[in-house]
Amino acid sequence: MKPNKLIRLLFILLVVVVLTAAPASRSNSERTQSFDKQIDALLAKMTLAEKLGQLQQLDGEGNGNFRPEHVELVRKGLLGSTLNVRGAQRTNQLQRIAVEGSRLKIPLIFGFDVIHGYRTVFPIPLGEAASWDPAGVERAAGIAAAESRAAGVHWTFAPMVDIARDPRWGRIAEGSGEDPYLGSALARARVRGFQGSDYSAPDKVVACAKHWVAYGAAEAGRDYNTTDVSERNLREVYFPPFKAAVDAGVGTFMSAFNNLNGVPASANPFTLTEVLRNEWKFDGFVVSDYTSVQELIKHGLAANGADAAREALNAGVDMEMVSRLYNQHAGELMKGRQLSQQTIDEAVRRILRIKFRLGLFAKPYVDEGLERGAIFNATNVAAARELAARSLVLLKNDNNVLPLNKSIRSIALVGPLADSHKDVLGSWTGDGRPEDAVTLRAGLTSKAPQTKINYAKGCDIDCGKRDAFEEAVSAARVSDVVIIAVGESAEMSGEAASRSSIDLPGLQLELVKAVQAAGKPTVVVLMNGRPLTINWMAENTPALLETWFAGSQAGNAIADVLFGDVNPGGKLPVTFPRAVGQIPIYYNHMNTGRPPDASNKYSSKYLDVPWTPLFPFGYGLSYTKFRIANLQLGAQSIRPDGSLTVNVELENAGSRAGEEVVQLYIRDVAASVTRPVKELKGFQRVTLQPGEKRRVEFKLTPEHLGFYNRRMKFVVEPGEFKVMVGPNSVDVIESSFQVTAP
Ligand code: NOJ
């Protein structure tokens with residue numbers, strides 16, 4: 001090779017090495033550091049009023065406009081953030097005032113509740129969780145992020161990672177259900193989807209893990225109610241999804257409304273500083289929930305506004321949402337030495353850090369041409385349909401009523417939810433529009449255009465009257481098959497939507513009974529934001545499909561499953577009780593000294609209802625039949641720091657391709673503190689063709705086997721462990737192994 005050729009080659013090689021190494025060498029900590037210098041420079045120039053401005057978030061108008069009275073605050077550098085302001089043009093307009101009109105040119109951060117989609121609405125988070133498909137959930141969050149950022153939104157108040165074991169609590173709809181392991185997997189997936197590896201990208205937003213913490217433990221399932229949770233339960237049940245979010249790099253946290261063990265979560269130094277900052281090294285910022293700083297007065301923790309500001313700031317809440325107590329009282333608190341300059345500066349620093357990481361100083365405006373193509377495009381809509389179909393759970397299918405044959409001549413379509421655009425979107429619909437939503441009626445019509453759909457609503461959601469039942473019954477009589485869509489309206493779950501009864505509302509069950517009495521093959525399609533008590537249907541209705549609120553593409557996705565174009569594979573992320581009186585009921589409970597025993601009165605059970613759930617955690621059927629067999633462990637014993645492979649054989653023993661979620665549970669049989677009867681420690685959603693067999697492998701590591709001992713130290717203790725694998729949390733096959741002494 002000629003020398004100049006060699007030099008050219010070496011040069012090219014060098015360029016390639018530098019280019020590929022460059023992104024990796026810009027590690028997160030280096031980026032933080034360089035921002036820190038710029039933040040120092042800004043802090044040195046800021047007045048106290050400007051600093052307090054950064055700590056303030058105010059609400060825009062419901063329609064996405066900013067409030068005219070906020071313009072002056074922005075110009076003076078007295079407002080750091082808004083919520084609900086959205087739309088490329090509007091956000092740019094307000095941003096221009098911050099960046100070009102204010103003294104220090106610090107950009108605003110625009111926050112919005114993008115919970116399960118911006119304009120393209122995916123299933124409610126509880127529904128997404130039923131897919132047991134972290135990759136699909138990550139993709140949905142990615143699409144929501146791209147749509148949001150194109151509309152000028154930088155920051156979503158999601159993921160909501162509250163564990164909820166009480167279906168009376170309406171906000172169970174917004175989370176991933178009852179299990180910390182599944183909840184953690186989905187927390188990671190959502191943070192990755194929203195933020196990507198660098199949330200300064202034009203299609204990413206910064207995420208917010210909320211509501212820190214134990215908000216889902218509200219007493220009696222009543223929203224905003226008090227919680228009292230032991231440190232063990234916090235660490236083992238409520239913290240893990242938040243920790244998973246931190247490990248995935250989440251940029252912000254939201255402090256919750258609830259009182260927690262006597263110290264409200266929005267002023268709790270243990271959770272906000274000791275755990276979040278000191279143990280977990282979280283370096284983003286914490287925003288309060290809506291007026292939760294001011295609510296410290298009603299909680300009885302603060303006597304007045306100054307007290308409330310002092311408690312929240314000193315505990316570690318950096319930004320105040322909507323109430324304005326930091327701005328009103330921080331000056332006087334500092335004079336009285338109740339609040340230090342350092343606390344204020346640190347809060348400002350954390351907020352500016354996230355603004356830098358979002359790239360807002362370098363690129364404060366959004367490209368207004370992006371919005372149209374990025375939002376609600378065909379790719380996004382197709383992804384919503386796919387995830388919606390994957391989130392449906394087949395609860396019952398006697399005599400293979402489902403799937404329906406596309407050549408059936410007529411369907412009676414009945415029920416208050418059969419043609420509702422608004423309800424299928426669920427609560428928190430972002431910028432979603434009812435007119436975008438495909439109802440079940442529309443989905444069936446386009447799936448089977450030659451089938452006659454005899455639609456009769458029967459009654460409204462509240463179903464107070466029987467007047468229109470007869471029309472529905474007549475439709476059933478003249479049709480080959482009956483589909484009844486019943487459940488809750490969108491407003492019956494979500495925030496401030498707790499229910500003391502989780503039955504079907506009003507006379508809806510009577511409607512089901514009347515229509516079913518026509519004697520036709522009947523399918524009930526459930527739409528709801530929480531588990532419902534559906535005992536009669538579980539017993540008497542041939543087929544039951546749980547569809548949650550499946551989003552913009554609900555009707556198409558449900559039709560895909562009803563007609564077998566998609567074989568259902570979703571599983572319950574939460575236990576369905578038989579009666580409200582069983583609540584809280586969850587699969588990973590303790591054994592007690594007297595576990596339920598039908599032959600022993602003096603065991604832990606009820607006189608009037610079985611102790612078992614109606615449908616257990618992890619449950620869901622398929623149109624094909626799966627077998628799980630031949631459980632093998634990699635070893636009979638391991639050391640406490642060792643790991644173990646677990647594998648089973650999964651077979652599709654039916655005649656259709658399908659998907660099974662193989663679930664791995666463990667039990668630490670005897671330990672220095674009692675352990676749950678089962679704990680999920682692995683799952684895989686696997687697709688198999690008819691007749692296909694595959695080994696499914698899991699790995700158990702100390703992280704899975706450990707727990708917090710009596711000193712709150714995370715340990716793996718020697719002794720016997722049971723391993724259970726199955727298609728749900730009840731129908732498992734078992735084996736066991738030993739952890740030996742170290
Ligand atoms: C109150 C809710 O609790 C929270 O989840 C939400 O993000 C804020 N409001 C902002 O809308």
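Whatever order the structure lists ligands and atoms in, that order sets their numbers, starting from 1.
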Pair Glu295, Ser292: side-chain N/O donor-acceptor within cut-off below 3.5 Å: no
Under-4.0 Å heavy-atom contact with ligand 1, by part of Leu83 that carries it: side chain
Arg171 to ligand 1, any heavy atom closer than 4.0 Å: yes
Donor-acceptor under 3.5 Å (Gln56 side chain, Arg324 main chain): no
Test of proximity, Asp289 against ligand 1: N or O pairs below 3.5 Å: yes
Heteroatom distance test (Glu174, ligand 1): nitrogen or oxygen, under 3.5 angstrom: no
Location of contacts on Glu495 toward ligand 1, heavy atoms closer than 4.0 Å: side chain
Close side-chain approach of Trp212 to Phe239, heavy-atom, < 4.5 Å: yes
Numbered atoms and elements of ligand 1 in range of Phe157, under 4.0 angstrom, heavy atoms: 7 (O)
Straight-line distance of Gln195 CD to Thr252 OG1, nearest 0.5 Å: 8.0 Å
N/O donor-acceptor pair under 3.5 Å between Gln57 side chain and Val287 backbone: no
Worked verdict on Ser102 versus Val74 for side chain to side chain contact (heavy atoms under 4.5 Å, CB included): CA-CA 7 Å; Ser102 77; Val74 174; 5.9 Å; no
Per-residue contact class, Gln57 against ligand 1 - non-hydrogen pairs under 4.0 Å: neither
Part of Trp428 within contact of ligand 1 (heavy atoms, under 4.0 Å): side chain
Residue-ligand contact His211/ligand 1, heavy atom below 4.0 Å: yes
Side chain, backbone, both or neither: the part of Lys210 lying under 4.0 Å from ligand 1 by heavy atom: side chain
Atom 11 (O) of ligand 1: nearest protein contact (heavy atom, Å): Asp113 OD2, 2.5 Å
Side chain His299, main chain Pro264, donor-acceptor under 3.5 Å: no
Side chains of Asp436 and Ser552, donor plus acceptor under 3.5 Å: no
